[in-house]
Amino acid sequence: MATARVSLVAHVTGATTALPAKQASYTIEIFGAIAKAAVAIQDELAHAALRGRLGTTGESNVSGDSVKKLDDWGHETVVATLAASRACSLLVSEEAEAAVEFNVPGLVVCCDPVDGSSSLDVGGAVGTVFGIRPERALGSGREQIAAGYVLYGPTTLFVYTVGRGVHGFTLDREKSEFVLTHPDITVPKRGKVYAINEGNVHTWHPGQRAFIEYLKTPDKASGRPYSLRYSGAMVADVHRILHDGGIFMYPADMSDPNKPKPKLRLLYEVAPISFIAEQAGGRASTGQGPALDLIATEIHQRASILVGSTDDVARTEQFYKEGP
Ligand code: AFP
């Protein structure tokens, strides 16, 4: 028997029945808007070299990263579709120093429109990441009512949670519609893959260094060594981990132990990915505790993240606690 075709918006509508009515309808509209932006972004990515959309704009964003033309274009696209949804009151975007106000009642969206920019000019996989919050951008990650990411690779995948599991949808390009293909994504309890920018090893906490050494040390009984897979685009790396298990890490630079310097952004990278990981039965930590418990006090705040299989994240925390 052929299975029924379930669209993203139909699925979100079914999954948001427990939310207050207004919140549910805003959430559905926002998912529709982000899906529309994602369809446009995947098309622009596919044709970027032909449309003169590779390279940089010459500007830097608030994080000091040089802005790629596609970063800018992705931001404008998300702004336009959210504005048209009339369901988003405020957008925090990696590409805008101040939050964008839409002057309508609605929910707050925190978004990195095109994450993994270093892969753009080489045709690598990149993503869109977002979290949705009820009233304010700042506060704990546990205030999020929804989160998701879009992975632009050989196929375009939309993965989301509203606190009722994690579900994945593949873009049917002919119909410009996301269709359910990966229901109930569950992270294996333990994996065989780690993802980290190992070039930064000399800046890590000693426990972090010892953990990576542990993963690389052969031991048949515990399935070591692990394999390293790292693309430089969090969505692509985390998606692999959610699927196959293992751990993605972006620890803080601890060159000055009194001034840890994390890199990833809390509101539109760490918090949404942590919500998704927990909902998929995995774990997300800062090394000291659950990443979702972090309280954002600034919109472009940065945070560390260790995310993936519960056993692998728990073991990293143990190394942080006990050291080498
Ligand atoms: P952008 O936000 O500039 O696109 O950077 C990507 C990213 O935030 C995340 O997606 C990657 O995992 C990480 O940075 C890669 O950083 P390194 O290049 O330092 O490994």
Side-chain angles (χ1 to χ4, degrees), residues 37-38 41 44-45 48 53-75 77-78 91-97 110-131 147-153 157 159 193-204 208 212 228-242 246-255 260-274 276-277 284-286 291 296 299-308:
I41 292 172
E44 200 64 15
L45 289 171
R53 199 74 74 183
L54 295 181
T56 58
T57 61
E59 311 275 305
S60 297
N61 68 14
V62 61
S63 306
D65 310 323
S66 85
V67 177
K68 296 268 167 90
K69 288 182 194 168
L70 281 161
D71 280 327
D72 218 28
W73 189 90
H75 168 77
T77 303
V78 167
L91 167 68
V92 173
S93 162
E94 185 187 17
E95 303 308 330
E97 185 159 3
C110 301
C111 180
D112 187 349
V114 181
D115 188 56
S117 314
S118 71
S119 299
L120 281 173
D121 294 347
V122 294
V126 295
T128 294
V129 194
F130 67 94
Y149 62 76
V150 187
L151 171 60
Y152 309 99
L157 272 175
V159 174
V193 165
Y194 71 103
I196 193 165
N197 183 343
E198 213 163 339
N200 294 332
V201 58
H202 293 293
T203 70
W204 296 341
Q208 178 67 55
I212 298 300
L228 168 65
R229 297 281 183 272
Y230 188 75
S231 74
M234 182 177 58
V235 169
D237 292 325
V238 167
H239 184 73
R240 175 194 289 276
I241 300 290
L242 291 185
I247 182 164
F248 169 90
M249 295 155 277
Y250 212 112
D253 176 337
M254 298 288 285
S255 310
K261 280 200 205 127
K263 169 175 175 181
L264 300 191
R265 279 49 62 112
L266 177 53
L267 284 181
Y268 40 85
E269 291 185 308
V270 171
I273 292 294
S274 300
I276 293 166
S285 171
T286 59
I299 61 173
H300 295 293
Q301 190 168 326
R302 296 170 187 260
S304 305
I305 185 169
L306 319 166
V307 60

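If you read the sequence from its start, that first residue is 1, and numbering goes on from there. Read the numbers this way: they start at 1 and go in the same order the structure lists the ligands and their atoms.
- Of the protein's non-hydrogen atoms, K263 NZ, 3.3 Å is the one closest to atom 14 (O) of ligand 1.
- Of the inter-residue distances, the one linking D253 atom CG with R302 atom CZ reads 11.0 Å to the nearest 0.5 angstrom.
- For the side-chain contact (heavy atoms from CB on, under 4.5 Å) with W73, the qualifying choice from K68, E95, R53 is R53, the only one to do so.
- A heavy-atom distance below 4.5 Å is not found between the side chains of Y152 and V114.
- Close N/O approach between G116 and ligand 1 is found [any backbone or side-chain N/O within under 3.5 Å].
- Only the side chain of L264 comes within 4.0 Å of ligand 1, judged by heavy-atom distances.
- Atoms of ligand 1 lying under 4.0 Å from at least one heavy atom of D112, given by number and element, are 2 (O).
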* Asked: Taking it one step at a time, do W204 and E198 satisfy side chain to side chain contact (heavy atoms under 4.5 Å, CB included)?
  -> CA-CA 10 Å; W204 296 341; E198 213 163 339; 3.9 Å; yes

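- Proximity to N197 (heavy-atom distance under 4.0 Å) selects the following atoms of ligand 1: 17 (P), 19 (O), 20 (O).
- Under the side-chain hydrogen bond (donor to acceptor under 3.5 Å, both in side chains) test applied with R265, the options H300, E94, Q301 reduce to a single match, E94.
- Here the OG atom belonging to S119 is positioned 11.0 Å from the CG atom belonging to L45, to the nearest 0.5 angstrom.
- Contacts of S117 with ligand 1, taken as heavy-atom pairs under 4.0 Å, involve both backbone and side chain.
- Scanning all protein heavy atoms for the shortest distance to atom 19 (O) of ligand 1 gives Y250 OH, 2.5 Å.
- Considering backbone and side-chain atoms together, N200 places no N or O closer than 3.5 Å to any N or O of ligand 1.
- A distance of 4.0 Å separates CD1 in I212 from CE in M249, rounded to the nearest 0.5 Å.
- Counting heavy atoms from C-beta on, the side chains of T128 and I41 come closer than 4.5 Å.
- Regarding atom 8 (O) of ligand 1, its nearest protein heavy-atom neighbour is E269 OE2, 2.8 Å.
- Rounding to the nearest 0.5 angstrom, the gap separating the CG atom in N200 from the CE atom in M254 is 13.5 Å.
- Regarding atom 20 (O) of ligand 1, its nearest protein heavy-atom neighbour is Y230 OH, 2.5 Å.
- At a 4.0 Å heavy-atom cut-off, ligand 1 touches F248 through the side chain alone.
- Of all atoms in ligand 1, listed by their number and element, those nearer than 4.0 Å to a heavy atom of E94 are 2 (O).
- Each of the following atoms of ligand 1 lies closer than 4.0 Å to a heavy atom of A233: 10 (O).
- T57 OG1 to D71 CG: the interatomic distance, rounded to the nearest 0.5 Å, is 8.0 Å.
- Polar contact check, S118 against ligand 1: no nitrogen or oxygen pair lies under 3.5 Å apart.
- For atom 11 (C) of ligand 1, the closest non-hydrogen atom of the protein is G232 O, 3.4 Å.
- Of the polar atoms of M234, at least one N or O is found under 3.5 Å from an N or O of ligand 1, judged by distance alone.
- Looking only at heavy atoms of the protein, atom 3 (O) of ligand 1 is closest to D65 OD2, 3.7 Å.
- Note that CG of D112 is 7.5 Å distant from CE of M234, once rounded to the nearest 0.5 Å.
- With ligand atoms numbered from 1 in the order given, ligand 1 contributes 1 (P), 2 (O), 8 (O) to contacts under 4.0 Å with heavy atoms of R265.
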